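Below: one structure, written as structure tokens.
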Amino acid sequence: MTLASQIKHAAADALKHLYPEVATDISMIGVNQTKPEFSGDYTIVLFPFLKLLKQKPDVIGKLLGDYLVAKTELFTSYEIVSGFLNLTVKDAWWVNFLLNHFTDTHYGERNKTDRRVMIEYSSPNTNKPLHFGHMRNIFLGAAMAEILKANGNQVVKANLINDRGIHICKSMIAWMKYGNGATPEKAGIKGDHLVGDYYVKFNDEYKQEIAQLVARGMDEKKAEKESSIMRDAQDLLVKWEAGDTEVRKLWEMMNGWVYLGFDESYKRLGISFDKVYHESETYLLGKKIVEEGLRKKVLFKKEDGSVWVDLKEDGLDEKLLLRGDGTSVYMTQDLGTAKLKYDEFKLNQSVYVIADEQNYHIQVLKLIMKKLGEPCADGIYHLSYGMVELPTGRMKSREGTVVDADDMVSEMINLSREQTEQSGKTEGFSQEELTKLYDTIGMGALKFYLLRVDPKKKMIFDPKESIDLHGYTATFIQYAHARICSILRKEKVSLTPDCTKFQSFVQTTELLPLEKKIMLALEEYPVILSESASEFNPSSICNYSFQLAQMFNTFYDAHSISKAESEEKKQLRLMIIVMTASILRHAMNLMGIKLPEKM
RNA sequence: GGCCCGGUAGCUCAGCUGGAUAGAGCACCAGCCUUCUAAGCUGGGGGUCAUUGGUUCGAAUCCAAUCCGGGUCACCA
């Protein structure tokens, strides 16, 4: 149990003893960290009790404070300041806490349970390379997977590849018309980029054709339908659905190029999946569910043969589930995949990392599953995140106005190299070590940049401004960690000392405010970790890590560790920094960010 | 128009289960390297927490209305 909740319970017990005739409730007790301008560690707010206990805050505070100091082993003293009871925790408690946990490299984690969670993320289309927005999705998914694991869940990381549909046919048509048999090898570029270029090419040609038709006096709507290149793409989709061997062969070849490109990008980003679904393999499954729904009369058929669900009583509209010609729509395949995931892995929860523009879609998906009586319905959770936009507005692959993921990674690694060289910190590293270091710093900065913001908020990224390596960044945390490692190296203390070391430590001198401040933060980590899981928000861990690193840096400047005032202080501080480094490593590992021992 | 999300310092964001004088980073100004890594530290200026009303001992936080921005409401995915 955390210290804050121990205090809460102690206070609840105290109130029961002091006011046995009044029914006090633990939920009334607010325990916060004491503001730095007052003395004390934790504060109990007294105002909520005034009415109930019919006494002044000073009276209640004195009774409560006296009781807590006398009857618990937690506190040395208290102070009442205008309705706030500030409690000072015994130094011995902190020292004991430190001795018990400073070598625990899994501090804050919860025990494994049987709870099974799938988290689906990335889920790319195979007609274009990954861009900056996809990276937010990917890092969010990967970080949440690790955070959920650390909180005891069994996690399956899944990727659903959107490998069929009209958008892929567009790239194929453009390649056939203008490609002259180009391949990634011949062109010397990654397959996903090559295919993406033809997707852009298609749209350029499409727009031109429409412009020409409109110039000849056709209205725009009609022109969009009459466009020959669009018709070609639609014909291609029909052939694909019919299983035309030539079309399937081309489709397989071009998708193959894209997969190789994706694999390379994923590898560079340090991302992996336990299970990969392809929409081409799952899109038919939904039809069965729809037929079942028709039998159960949950769904209905219109005259033209199309199948619908009526969501009016839920405040929504009618939603199409199957076209008149019997082909499936986006929702159809999602119904199928949702059930497939559930049946295959017996999930308690199925998390979808998808941009907030699809809030409505997922809401409807969940609702339909519920109406159909599918048990997977309750477990569906949409981790909805805001889009990454450019200062000029949304990124559009079609128009080629995107920040490319591969380019961004290269730029970040370059930037970290430049800054390292500039500050003359390359000494003592081999070329190989430097390459690794630049990757660690560059990728760390990139991941942190995208994870430090609350997922549900949209972000604006200006490509003209490079991502900073100072201030609220991964670099800052990495630097603090490297500093700690440097001290430990010199003191010949392992990053993960064996737990018997320091056990003979005895504390005789009072803890300094800065020492206690860091310990307070260390103690809080488990709460941060579990909240970030329940709220599906990695940014709170970024925030916490930055603050902890900042506290260390302040401490580092104010007090020496190697040359502490006494051997006792040195031992204490070594334990503090061992645990600080350990938590920073743990927290950043969840984000997929590595912390170097030297930089 | 209906529904959903957002609006906090010049910029990017924390804080939101109501609590003490609203916090960081960037940028700007002034200091700090013969002493454990200055990718750092200390201090300073900078705020009508979109607006108005309500709830109460107390509101950035809860409620209502309004304004602004975005998303969505396809036989696209």
Side-chain angles (χ1 to χ4, degrees), chain A residues 27 30 32 34-35 37-38 43 45-48 50-51 57 81-84 86 123 125 127 162 164-168 279 283 302 304-308 315-317 319-331 333-334 355-361 363-364 384 386-387 389 393-394 416 419-420 422-423 425 441 445 449 452-454 456-462 465 468-480 482-491 539-540 542-544 546-547 549-550 552-564 570 573 577 598-599:
Chain A
S27 65
N32 310 315
T34 304
K35 298 261 166 193
E37 54 269 34
F38 302 100
T43 295
V45 189
L46 299 170
F47 296 107
L50 304 191
K51 264 189 191 157
V81 184
S82 57
F84 296 91
N86 298 330
S123 303
N125 291 350
N127 62 331
N162 194 338
R164 51 149 237 121
I166 191 75
H167 49 288
I168 284 99
E279 199 192 307
Y283 83 107
K302 288 196 178 173
D304 63 354
S306 57
V307 180
W308 297 74
L316 305 174
D317 212 341
K319 183 88 188 169
L320 175 86
L321 296 181
L322 222 47
R323 294 190 185 103
D325 62 5
T327 57
S328 56
V329 291
Y330 182 39
M331 184 59 80
Q333 70 94 11
D334 264 3
D356 59 8
E357 60 182 357
Q358 293 195 38
N359 285 354
Y360 181 73
H361 176 78
Q363 190 194 347
V364 170
S384 166
M387 313 266 270
E389 293 180 9
R394 285 175 70 164
S416 74
Q419 299 222 1
T420 308
Q422 243 174 52
S423 56
K425 297 204 170 192
I441 296 173
Y449 182 85
R452 68 183 193 180
V453 183
D454 188 332
K456 68 171 179 284
K457 293 195 175 176
K458 75 169 182 200
M459 335 178 29
I460 294 169
F461 174 68
D462 189 346
E465 293 169 18
D468 214 324
L469 300 184
H470 300 274
Y472 185 26
T473 62
T475 317
F476 183 97
I477 295 163
Q478 289 168 329
Y479 182 68
R483 275 176 146 182
I484 292 175
C485 291
S486 169
I487 298 169
L488 295 178
R489 249 192 324 273
K490 289 189 176 151
E491 293 299 326
S539 77
S540 51
C542 292
N543 230 306
Y544 168 86
F546 174 70
Q547 281 170 24
Q550 208 173 31
F552 165 75
N553 276 332
T554 301
F555 189 90
Y556 177 94
D557 257 51
H559 306 288
S560 179
I561 289 139
S562 318
K563 292 177 187 153
K570 181 167 166 180
R573 290 174 193 173
I577 66 170
K598 276 197 283 186
M599 64 185 281

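Residue numbers start from 1 in every chain, and the chains themselves are labelled A, B, ... in the order their sequence lines are given, proteins ahead of strands. The structure presented is a predicted model; accordingly, all values stated were derived computationally and were not measured. The analysis underlying the following values was restricted to heavy atoms, covering all of them including side chains, and did not include hydrogens, waters or symmetry mates.
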Residue list, side-chain hydrogen bond (donor to acceptor under 3.5 Å, both in side chains) with [X], at least two apart or on another chain:
{"X": "A:Y556", "value": "none"}
{"X": "A:D325", "value": "A:T327"}
{"X": "A:H167", "value": "none"}
{"X": "A:E357", "value": "A:R394"}

What is the separation between atom [atom1] on [X] and atom [atom2] on [N], rounded to the nearest whole Å?
{"X": "A:N553", "N": "B:A39", "atom1": "CG", "atom2": "C1'", "answer": "10 Å"}
{"X": "A:I577", "N": "B:U37", "atom1": "CD1", "atom2": "P", "answer": "10 Å"}
{"X": "A:K563", "N": "B:U34", "atom1": "NZ", "atom2": "P", "answer": "14 Å"}
{"X": "A:K456", "N": "B:G7", "atom1": "NZ", "atom2": "C1'", "answer": "13 Å"}
{"X": "A:Q358", "N": "B:C5", "atom1": "CD", "atom2": "C1'", "answer": "15 Å"}
{"X": "A:F476", "N": "B:A38", "atom1": "CZ", "atom2": "P", "answer": "13 Å"}
{"X": "A:H559", "N": "B:U42", "atom1": "NE2", "atom2": "C1'", "answer": "14 Å"}
{"X": "A:E357", "N": "B:G6", "atom1": "CD", "atom2": "C1'", "answer": "16 Å"}

Taking the same atom, [atom1], in [N] and in [M], what whole-Å distance lies between them?
{"N": "B:G18", "M": "B:C49", "atom1": "C1'", "answer": "15 Å"}
{"N": "B:C5", "M": "B:A65", "atom1": "P", "answer": "14 Å"}
{"N": "B:C29", "M": "B:U21", "atom1": "C1'", "answer": "24 Å"}
{"N": "B:A27", "M": "B:G44", "atom1": "C1'", "answer": "14 Å"}
{"N": "B:A22", "M": "B:A14", "atom1": "C1'", "answer": "11 Å"}
{"N": "B:U66", "M": "B:C13", "atom1": "P", "answer": "28 Å"}
{"N": "B:C16", "M": "B:A38", "atom1": "P", "answer": "34 Å"}
{"N": "B:U42", "M": "B:C26", "atom1": "P", "answer": "12 Å"}

How would you label the contact of [X] with the nucleic acid (heavy atoms, under 4.0 Å): base, sugar-phosphate, or nothing?
{"X": "A:G324", "result": "base"}
{"X": "A:Q478", "result": "nothing"}
{"X": "A:K51", "result": "sugar-phosphate"}
{"X": "A:T420", "result": "base"}

Phosphate OP1/OP2 of [N]: any [X] side-chain N/O under 4.0 Å:
{"X": "A:Y360", "N": "B:G2", "value": "no"}
{"X": "A:S486", "N": "B:U37", "value": "yes"}
{"X": "A:R394", "N": "B:G70", "value": "no"}
{"X": "A:Y479", "N": "B:A39", "value": "yes"}

Check your understanding: In dot-bracket, 5' to 3', how would RNA chain B read with Watson-Crick or G-U wobble pairs under 3.5 Å, [ ] for crossing ones and | for pairs to another strand?
Key -> ((((((((.[[[[.)...(...]]]].(((((.......))))).....[[[[[..)....]]]]])))))))....
Point to revise | Charged tip of A:R164 within 45° of A:Y283 ring normal and under 6.0 Å | key: yes
Closest to the [X] side chain, choosing from [options]:
{"X": "A:E389", "options": "B:U37, B:C5, B:G70", "result": "B:G70"}
{"X": "A:R323", "options": "B:G71, B:U37, B:C76", "result": "B:C76"}
{"X": "A:D557", "options": "B:C73, B:G40, B:U37", "result": "B:G40"}
{"X": "A:S560", "options": "B:C57, B:A38, B:C36", "result": "B:C36"}

Review point. Given that A:L316 and A:Q333 both sit by RNA chain B, which one's nearest nucleotide is further toward the 5' end?
Key: A:L316
Point to revise | Closest-nucleotide 5' rank along RNA chain B - winner of A:Y556 and A:N125 | key: A:Y556
Check your understanding: What string of B, S and - do you get for nucleotides 13-27 of chain B, 5' to 3', when a contact is any protein heavy atom under 4.0 Å?
Key -> SS----BB---SSS-
Exercise for review: Kindly indicate whether the side chain of A:K598 and the base of B:U37 share any N or O donor-acceptor pair separated by less than 3.5 Å?
Suggested key: no
Check your understanding: How about A:Y449 and A:F461: are their ring centroids closer than 6.0 Å?
Key -> yes
Partner set under side-chain contact (heavy atoms from CB on, under 4.5 Å) for [X], not counting sequence neighbours:
{"X": "A:T554", "answer": "A:L514"}
{"X": "A:I166", "answer": "A:K170, A:A233, A:Q234, A:L237"}
{"X": "A:S306", "answer": "A:K302, A:D304, A:W308, A:L320"}

Point to revise | Where the chi angle of B:C67 falls, syn if within 90° of 0 and anti if not | key: anti
Check your understanding: Just checking, is any N or O donor in the side chain of A:T473 or A:D468 under 3.5 Å from an acceptor N or O on the other one?
Key -> no
Check your understanding: Taking side chain as C-beta onward, heavy atoms only, is A:H361 less than 4.5 Å from A:M331?
Key -> yes
Practice item. Using atom types as modelled and distance alone, determine if a side-chain donor or acceptor of A:R452 lies under 3.5 Å from a backbone N or O of A:Y472. Key: yes
